[in-house]
Amino acid sequence: MTSTTNLPGPMDPLDQLETLRAAAPDQIASAASLADLDDVEAVTVGKRSPIAEARRRLATVPTENRPAVGKAINDVAKEIGRLIDDRRTVLAIEEQNALLAAEAVDVTLPGRRPKRGTTHLIQQVMDEVVDIFVSLGYTVASGPEAETEFYNFTAMNMPNTHPARLEQDTFYLDYGENPEEILLRTHTSPMQARYMEEHRPPVHVVVPGRVYRRDYDSTHMPVFHQIEGLAVDTDITFQDLKGTLDYFAKEFFGPETETKFLPSYFPFTEPSAEMHAYADGRWLELLGCGMVNPAVYEHVGYDPDEVTGFAFGMGAERLAMVRHGIKDIRSLYDPDVRGLEQYR
Ligand code: DAH
C-alpha cells in the first residue's frame, strides 16, 4: 500500500489491481484442479479479493475519476474472469479424462480363470463302471443307505447267525421297533431284492452306492462305495456271467486284460466266485459274483424253477486303487486336492 493515511488514496485500489493483473495469469495457470481454481478465483475476483476491495473503495474516489477507475476495475475483473473460465474448461476436460482413464477396462487383459473342479476319482470309477453296463443294456437304480435288516441280511439269505450281522461289523441305527431293525447298509446287494420285488424278469440292473462297515485300515474305510449288478431271465447261465464280467474287465482295464474265476462263498449266490484280473504283473481280486441263490428268489416272489440269473458286486475304491496303483485307501479321502488332481 502506498497510502499513509487511514483513508486510502484514490489510486491505491488501482495499484493493487495492477499487481493482481500481473500475478493472476500465473496463479490461474498453475491451478492443478478445479478445487485449486476455485481457491484462486476467491482470492482474485471473489468477495475478499483486491477487486472487491477496489469496488468497495470506489466511493472514495473523486467523482470525476470514478467512471475511469470503475471501468479499469471491471476490465481487470473481466480479464481475470475470462482466464479463469478458460482454465476451468481445460481442467474440467482433464479431470473427466483422468476419471475415464481410471475407470477404463482393458478388454485385452487375459481373464482370471476360476479354479476348475473335477469329479472325484471314486465317482469317476463308478460312472465308468455304470457306463460299461449301460452300454450292455443294463438300467441304473439306487436304494436307501439306511436299510432294514430284512433287505440287508434276511432277503440276501444271511441268517441270524451270520457274522456280518455282528455289532462289530455293522452300524445299527436307533430307529424302528426293534434294536437291530434299521442299519446302515453293509453292501448294495439288498437292492437286488428291492429291485426284483418291483420288476418282473428280464432284469438287468446296476446299482452304484455308498455302503458302511466298522472297518478302518489301509484298505478299508467305514464308508465306501460299491457297484452291484443283477441279471435275471429264464435261461441265464454261468457262461453269461463269465462273458459279461470278462467283457467288463477288458473295457475297464484294457483289451489285453486276462481274467480268471475262483470258487468262493456268498450266501446269496450258488455257486459263488471271485473274479481276478491280471494287471501290473500279478493277479488281483476285483469282485464277487455268482448265480443268484434260489433262496433269494423265494424272498422276492420269483419262482426259482422259472428263472435263473447272476449277480456281482465290486468296490469302487478297490477298482480305483488297482487301476492307479494307490497303496492306501485313505489317500482317496485326503482333503489336499493335489493328490486327486492327478486323476482329472
Ligand atoms: N455283497 C458282497 C460284499 O459286499 C459283494 C457281492 C458278492 C455282491 C457276490 C454280489 C455277489 O452280488 O454275487 O462283499
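Nothing fancy with the numbering, it's 1 onward along the sequence. A quick note: this is a predicted structure, and the numbers were derived from the prediction, not measured. Just follow the structure's listing: the first ligand is 1, and inside any ligand the first atom is 1.
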**Request:** Flag F312 as yes when one of its N or O atoms lies below 3.5 Å from any N or O atom of ligand 1, and as no otherwise.
**Result:**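 Indeed, backbone or side chain, F312 has an N or O that close.
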
**Prompt:** Are any of the N/O atoms in Q192 less than 3.5 Å from those in ligand 1?
**Reply:**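 Among all N and O atoms of Q192, at least one is under 3.5 Å from an N or O of ligand 1.
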
In ligand 1, which numbered atoms sit nearer than 4.0 Å to a non-hydrogen atom of [X]?
X    : result
G290 : 13 (O)
S189 : 1 (N), 8 (C)
A311 : 12 (O), 13 (O)
T269 : 13 (O)
G288 : 7 (C), 9 (C), 11 (C)
Q226 : 3 (C), 4 (O)

Other residues, nucleotides, ligands: >12 heavy atoms within 6.0 Å of [X] [atom1]:
X    : atom1 : value
R338 : CZ    : no
R210 : CZ    : no
D174 : CG    : no
K260 : NZ    : yes

Do the charged groups of [X] and [Y] touch, with an N to O distance under 4.0 Å?
X    : Y    : value
E41  : R87  : no
E53  : R57  : yes
D246 : K250 : yes

**Item:** Within-shell test, M156 vs ligand 1, heavy atom, strictly < 4.0 Å
**Value:**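 M156: no contact with ligand 1 (<4.0 Å).
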
**Request:** Answer with yes or no whether M314 contacts ligand 1, where contact means a heavy atom under 4.0 Å from a ligand atom.
**Result:**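 For ligand 1, residue contact (heavy atoms, under 4.0 Å) with M314 is absent.
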
**Request:** Determine yes or no for a side-chain-to-main-chain donor-acceptor pair under 3.5 angstrom, with R185 supplying the side chain and M191 the backbone.
**Result:**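 Absent.
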
**Protein residue, atom and distance nearest to atom 11 (C) of ligand 1, heavy-atom basis** =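 Looking at atom 11 (C) of ligand 1, the protein heavy atom closest to it is F268 CE1, 3.5 Å.
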
**Contacts of L184 that satisfy side-chain contact (heavy atoms from CB on, under 4.5 Å) - sequence neighbours left out** =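 Partners of L184 under the side-chain contact (heavy atoms from CB on, under 4.5 Å) test: F171, L173, Y212.
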
**Item:** Best match, M158, E274, E228, R185: closest heavy atom to atom 12 (O) of ligand 1
**Value:**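 That would be E228.
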
**Among H187, R213, M191, closest by any non-hydrogen atom to atom 14 (O) of ligand 1** =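 Of the listed residues, R213 has the closest heavy atom.
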
